[in-house]
Structure formats: structure tokens, C-alpha cells
Amino acid sequence: MRLSQMLFVTLRDDPADAEIPSHKLLLRAGYIRRIGSGIYAYLPLMWRVLQKVSQIVREEMNATGAQECLLPQLQPADLWKESGRWDTYTKAEGIMFSLIDRREQQLGLGPTHEEVITAIARDMIRSYRQLPLNLYQIQTKFRDEIRPRFGLMRGREFIMKDAYSFHTDEASLKETYQDMYQAYSNILRRSGLAFRAVEADSGAIGGSGSTEFMILAEAGEDEVLYTEDGKYAANVEKAVSLPIDAETSRFTTYEKRDTPGTETIEKVCQLLNCSPTQLVKNVLYQTVYDNGITVLVLVSIRGDQEVNEVKLQNELTKLASEYGAKTIISLNVLNIEAQQAWTTKSLPLGYIAPDIADEYITANKQIHSKFLRLVDRTAVDLKNFVTGANEAGYHVVGANWGEQFKLPERVVDIRKSRPGDRATHNPEQILQSARGVEAGHIFQLGTKYSQAMGATYTNEQGEEKPLVMGCFGVGVSRLAQAAVEQSYDKDGIIWPVAIAPYHAIVTIPNIKDAQQIEIAQKLYTELNQTGIETLLDDRDERAGVKFKDADLIGIPYRIVTGRAIANGKVEVVERATRKSQEIAIDEVTTTLKQWITQAIE
């Protein structure tokens with residue numbers, strides 16, 4: 001392609017609404033164009049990148065025996081109501097675009113396709129002889145993000161590969177799960193990216209085990225915790241670890257202390273001259289289930305620890321059936337405004353003890369009349385600890401479980417792991433932190449959707465059994481931008497060779513020099529004929545402008561038909577290393593072919 005004929009416009013300055021380097025560079029280099037909030041057009045250069053990523057994905061998926069299909073973007077609400085996720089996606093998480101058609105039917109634009117594919121399987125899979133089966137698509141998805149950010153990283157419309165597998169049992173699912181783990185590793189490796197596979201939370205998708213594939217980048221929204229021995233890596237939402245040991249309490253007897261103005265852990269520890277590891281803090285949450293029931297949750301945790309709200313939400317979701325519900329609509333730390341709706345008197349926030357009385361909760365059929373009390377494991381073994389006194393301005397010291405306070409029946413792990421914690425598999429290994437961009441996520445769904453939607457098969461004994469399912473997603477457009485986030489410099493993008501829009505760009509410094517034009521056109525034709533995808537910068541622009549644009553758009557190799565042609569050579573510059581060398585004109589094609597082959601192997 002000749003740049004003079006291409007839709008090609010670059011910007012010298014960073015766009016005002018772009019926040020991270022990859023977003024700025026894709027806009028400046030003319031890869032994408034903002035159409036609306038979280039909505040982007042993929043321009044010709046970007047579309048070539050996306051096609052290359054998609055092709056790598058297809059090849060790796062096809063190699064596992066998966067079959068490609070295309071599922072509808074527009075989905076009936078009834079399917080989502082069957083699975084119980086309509087309210088979760090339209091109300092709780094609020095990420096689904098929903099609409100009413102002219103027949104007064106509710107529809108949604110698909111953020112994911114578990115319901116659709118399960119309905120197809122319900123209608124078409126009858127026997128164990130048809131299993132296992134893995135279907136995938138590369139499709140546009142939609143999410144109504146509250147605050148779309150970072151260009152293609154968190155857009156409201158994006159391209160994704162999602163696959164769904166069906167099995168007779170968990171053993172078969174695990175085999176496909178491992179196949180997908182390897183396929184995803186291959187996809188990222190072939191795309192030229194540094195990545196880490198980590199344990200992850202399944203979120204609204206559900207299921208048991210799940211793994212995220214993180215492209216390592218400083219601007220990544222996700223924090224990954226890992227150990228140097230390579231035996232553990234997890235998203236911070238999922239990570240488990242051993243906290244530092246608690247200090248021995250300096251209090252030996254139980255008493256109530258006057259502690260005015262100490263609503264925070266830091267203030268009370270400073271006043272009482274104690275460590276936060278000796279303190280039990282009690283945090284009140286308000287959770288609303290999908291049947292309208294509000295449950296007040298009191299979480300007791302060691303004072304130096306934070307509550308991991310993803311873990312907490314998972315624990316509360318497990319308890320949904322006890323309140324006649326299926327899932328959670330919202331979960332929030334209680335504030336003064338919220339408590340007015342259900343308390344009989346003002347709560348001493350900041351001074352609450354583990355035994356705050358249930359009588360604080362008003363009689364209301366939509367509000368569970370007892371606190372749900374949870375205690376994190378970090379608080380269970382504390383002796384002579386400090387905690388609130390259920391009275392503003394007062395704490396108690398020297399308290400113990402089983403003496404002054406009853407230990408809550410539900411002991412849970414809901415603390416947030418952090419760098420510096422010890423690893424559970426080897427306490428000598430210390431958790432370290434890295435930032436990453438989630439590019440892929442694989443799930444062992446089990447029978448969550450098949451049971452809810454009645455998708456069954458007949459086994460060898462003639463019994464009807466629910467299908468066992470897996471789900472496997474790769475963000476195609478997200479991966480492409482993450483590649484930029486991982487590799488760029490002050491002058492622009494540095495594409496990995498495998499997914500670069502073009503392998504090479506031939507630059508003519510002086511468009512008025514007939515010899516430069518002749519050699520450039522010769523190389524341009526020859527390179528493309530041998531499969532080296534090449535641009536020709538034949539614009540009537542200054543050489544400096546052309547060189548800056550070539551750096552900005554990040555084409556791996558730049559061939560310059562400048563002064564060296566007098567010696568039968570051209571200058572070849574490698575974008576990633578800036579290494580420059582003069583190569584004989586007749587050897588350019590052979591040399592580049594060799595370099596490109598080595599780069600993508």
C-alpha cells in the first residue's frame with residue numbers, strides 16, 4: 001500500500017482525552033478514531049493488526065479441534081432470565097445494554113454468549129456420542145461501562161473471541177481446559193508478548209476454577225501477585241497468602257478505655273500505643289439480593305488487613321439461597337445516610353464491636369432483622385485484642401473470643417493479599433507485585449448454565465444428565481492495544497513483528513529524486529511479491545516528517561533509499577532496537593525474509 005493513497009493522518013500532540021500511552025499512540029498514529037464515549041472506529045492500519053491477531057487465534061483454536069461459528073449480538077432477555085443473570089447484568093453490574101423492540105419484547109446486546117450457546121446445545125445435543133464439543137466465535141461484544149477508559153482497553157464495543165465447550169463430565173472438561181490453557185499461551189507467545197497466567201476470580205460468569213492471561217504492562221488495571229519460584233501467580237482479587245505474624249498484645253486484662261476522636265485504626269493505635277495487628281476492626285456492609293432483601297453484614301478482621309470485596313461478594317453469593325435469592329444486586333460499606341433506612345438508633349461507626357446488637361435493625365420485611373456476622377481468619381487467633389466498645393469514643397482492650405465476645409460461626413478468608421505476604425505453598429516465598437492487562441480468561445463453568453436452562457444429554461446408561469461446560473475468552477481488540485502498552489518508546493509504537501500491520505516501510509527521502517523513486521518502487525514490488533507486507537511512503541513530505549511517522553506507527557523495519565544508493569545499498573533500520581545498517585539492494589529481500597521468519601518463530 002502506498003501511503004499517498006491510504007487514509008493516513010497522524011497527530012503531533014497527545015489527544016486531551018487519552019490517559020495511557022497506548023491510547024495516546026493509537027490515536028496519534030491514526031490506528032483508531034473516537035466516535036463516541038467508549039466507541040472507536042478501527043482504521044485501516046488497526047484493522048490489519050486485528051486481522052493478524054484473529055488469524056493467530058483461529059489457528060490455535062482450530063488446532064485443538066474447536067469449531068468456529070457466529071452467534072447473534074442481539075439476545076432475548078428470556079434466555080438471560082432462565083439463567084438468572086438478567087438482573088445481575090442489567091441492574092447489579094449494569095453492564096448490559098437492554099432495549100424493548102416494537103413487539104414490546106426485552107432484548108440485550110450481548111456482553112457474552114453463555115445463554116445463547118446453552119440454548120443451542122439444549123436443542124441440538126442429545127447423546128454422549130456428540131461430546132465433547134467446543135464452539136467458538138470472533139464477534140463484537142458490548143458493555144455499558146460507567147466510565148469507558150483507555151481506548152480499546154475498556155470500551156463499550158469491542159472484539160472478542162469466546163469459546164464454549166460441552167462435556168459428559170468434569171474429567172473431560174479439565175482436558176479441554178488444559179488444551180485452552182496451552183492454546184492461549186501459544187496465542188500470546190506467537191503475538192510476541194510477555195505474559196503471565198494467573199489464578200483468577202470467576203465473577204459474574206461463574207463456575208469453579210478460572211485462569212487469567214495477563215499481558216505485563218505498567219499501565220495495566222490489574223495487579224498480579226506472584227512468587228519468584230514461578231509456582232504461584234494470581235490476580236489480587238483471587239490471591240491467597242499468609243499475612244505477617246501478629247504482634248503479642250501488650251494488654252493482659254480486659255477493660256474499657258476512653259478513646260475520643262479515634263474513628264480510624266491509625267488514631268486508636270497511636271492513642272493506645274498498640275500495633276494494628278493487635279486490633280479487631282469491625283466493618284459494616286449492606287448487601288441487597290435480587291429478591292429485594294437487604295442483609296446487614298458485619299465483618300470482623302485484623303486491624304492491619306483490608307477486606308477483599310470480591311471475596312466477600314463471593315461468600316455472600318453462596319448464602320443467597322438462605323434468603324430466598326439467587327444473586328447479589330449491590331454490596332456497599334455502610335454510611336450514615338444508608339443506616340437511616342433501617343436502624344432504630346444511630347450506630348457508633350468507628351467504635352463498633354463484634355457483638356453489636358441485632359436490636360439496631362428495624363422490623364421491615366425487606367430487611368433481614370439480624371446481622372450476618374463473618375470473621376476473617378486473621379482475627380480468629382488474636383489474644384487480648386483491642387476492638388470497639390459499641391459506644392462512640394470508647395474501645396475495649398485485653399478482649400478474647402469465647403470470653404468477652406462470641407466468635408462468629410462463619411470463619412472466612414476475605415482479606416486482601418498484598419506484596420510482602422508469605423506464600424501459602426512455601427512461606428519462605430514472598431509475594432511480589434506486577435501490573436497486567438487481562439487479555440484472556442478461561443473458566444470451568446461446570447453445570448451452572450446447563451442446569452438452570454435444562455441443557456442435558458443422554459449417557460451410555462440412558463440417563464439424562466446436565467451438560468458440563470467450559471468458557472474461554474480472548475479480547476482481540478484489547479490484546480492489540482495491550483501489545484502497544486507493553487512496547488513503545490518516546491517516538492511511538494513498537495509492534496511485535498507477528499501482529500504489525502506491515503512488516504516493512506520503504507521511505508523515499510526526496511520524492512524529486514528519480515533514482516530514489518525507482519529503487520524504492522522496485523523494492524516495494526519485490527518485497528510484497530515475496531510475502532513481506534510492505535508500505536511505500538511516496539508522499540511529498542520532508543524526510544524528517546516521514547521518519548517521524550514511520551517511528552510513530554511502529555512498522556518493524558524501515559528501508560530508506562537515501563544517499564547509500566550511490567554505493568548500491570539502502571539503509572535498513574530496525575524499529576525495536578534502532579539498529580541501522582546498510583544492505584546491498586539485491587540482498588534486502590533475502591535479509592528481511594530471514595529476520596521476519598526468526599522474529600515470528
Side-chain angles (χ1 to χ4, degrees), residues 1-18 21-34 40-49 151 481 483-484 487-497 500-528 532-567 569-583 585 588 592:
M1 172 60 70
R2 296 171 182 267
L3 274 187
S4 61
Q5 299 171 359
M6 185 181 237
L7 178 61
F8 181 71
V9 178
T10 59
L11 306 173
R12 290 293 161 234
D13 298 317
D14 290 335
D17 63 338
S22 58
H23 187 196
K24 295 174 184 177
L25 289 170
L26 288 175
L27 286 168
R28 281 186 54 206
Y31 280 84
I32 60 175
R33 194 78 174 181
R34 184 179 183 273
Y40 290 85
Y42 309 121
L43 300 178
L45 286 174
M46 193 68 199
W47 188 240
R48 288 181 66 90
V49 174
Q481 183 171 327
V484 178
S487 188
Y488 65 91
D489 62 18
K490 64 182 177 59
D491 296 316
I493 299 167
I494 304 173
W495 284 112
V497 175
Y502 290 90
H503 298 129
I505 180 168
V506 178
T507 302
I508 306 171
N510 183 0
I511 200 69
K512 294 179 175 60
D513 187 318
Q515 190 179 16
Q516 288 189 18
I517 293 172
E518 180 186 354
I519 292 170
Q521 290 180 337
K522 174 181 176 294
L523 285 171
Y524 169 67
T525 301
E526 185 179 308
L527 289 165
N528 278 306
I532 299 173
E533 300 164 1
T534 305
L535 281 169
L536 177 62
D537 193 348
D538 58 344
R539 296 174 297 162
D540 187 8
E541 292 280 4
R542 299 190 314 275
V545 171
K546 294 182 177 184
F547 296 156
K548 281 185 176 296
D549 280 345
D551 282 344
L552 179 60
I553 64 177
I555 306 303
Y557 302 102
R558 182 173 84 235
I559 302 158
V560 184
T561 59
R563 285 189 291 266
I565 61 175
N567 300 319
K569 296 181 177 181
V570 290
E571 181 189 21
V572 179
V573 181
E574 184 181 27
R575 177 68 183 88
T577 63
R578 296 194 170 280
K579 181 181 178 182
S580 172
Q581 58 184 297
E582 292 184 355
I583 298 175
I585 294 169
V588 169
L592 279 183

Considering only heavy atoms from C-beta outward, does the side chain of [X] approach that of [Y] to under 4.5 Å?
X: R558; Y: F547; result: yes
X: I519; Y: L523; result: yes
X: H503; Y: L527; result: no
X: Y502; Y: L45; result: yes
X: I505; Y: L3; result: yes
X: Y31; Y: V484; result: no
X: I511; Y: D538; result: yes
X: Q481; Y: L26; result: yes

Exercise for review: Please assess I32 against L27 for the test side chain to side chain contact (heavy atoms under 4.5 Å, CB included), listing each intermediate value before the final yes or no.
Suggested key: CA-CA 5 Å; I32 60 175; L27 286 168; 3.9 Å; yes
Is a side-chain donor or acceptor of [X] paired with a backbone partner of [Y] at a separation under 3.5 angstrom?
X: K546; Y: P509; answer: no
X: S487; Y: I494; answer: yes
X: R575; Y: D551; answer: yes
X: Y524; Y: M1; answer: yes
X: T534; Y: I532; answer: yes
X: E574; Y: K579; answer: no
X: R28; Y: L11; answer: yes

For atom [atom1] of [X], decide whether the heavy atoms of other residues, nucleotides or ligands shown that lie under 6.0 angstrom number more than 12.
X: R33; atom1: CZ; answer: no
X: R578; atom1: CZ; answer: yes
X: E518; atom1: CD; answer: no
X: R563; atom1: CZ; answer: no

Exercise for review: List the steps, then state whether salt bridge (charged side-chain N to carboxylate O under 4.0 Å, His left out) holds for D549 with R12.
Suggested key: CA-CA 9 Å; D549 280 345; R12 290 293 161 234; 2.9 Å; yes
Review point. Given the rule in the side chain to side chain contact (heavy atoms under 4.5 Å, CB included) test, do D537 and L535 qualify, once you have shown the distances and angles that lead to the verdict?
Key: CA-CA 6 Å; D537 193 348; L535 281 169; over 6 Å; no
Practice item. Please work out whether the ring planes of Y40 and H23 are parallel, tilted or perpendicular, with thresholds of 30° and 60°. Key: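 The arrangement is perpendicular - the two ring planes meet at more than 60°.
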Point to revise | Short N-O contact, D491 and K548, less than 4.0 angstrom | key: no
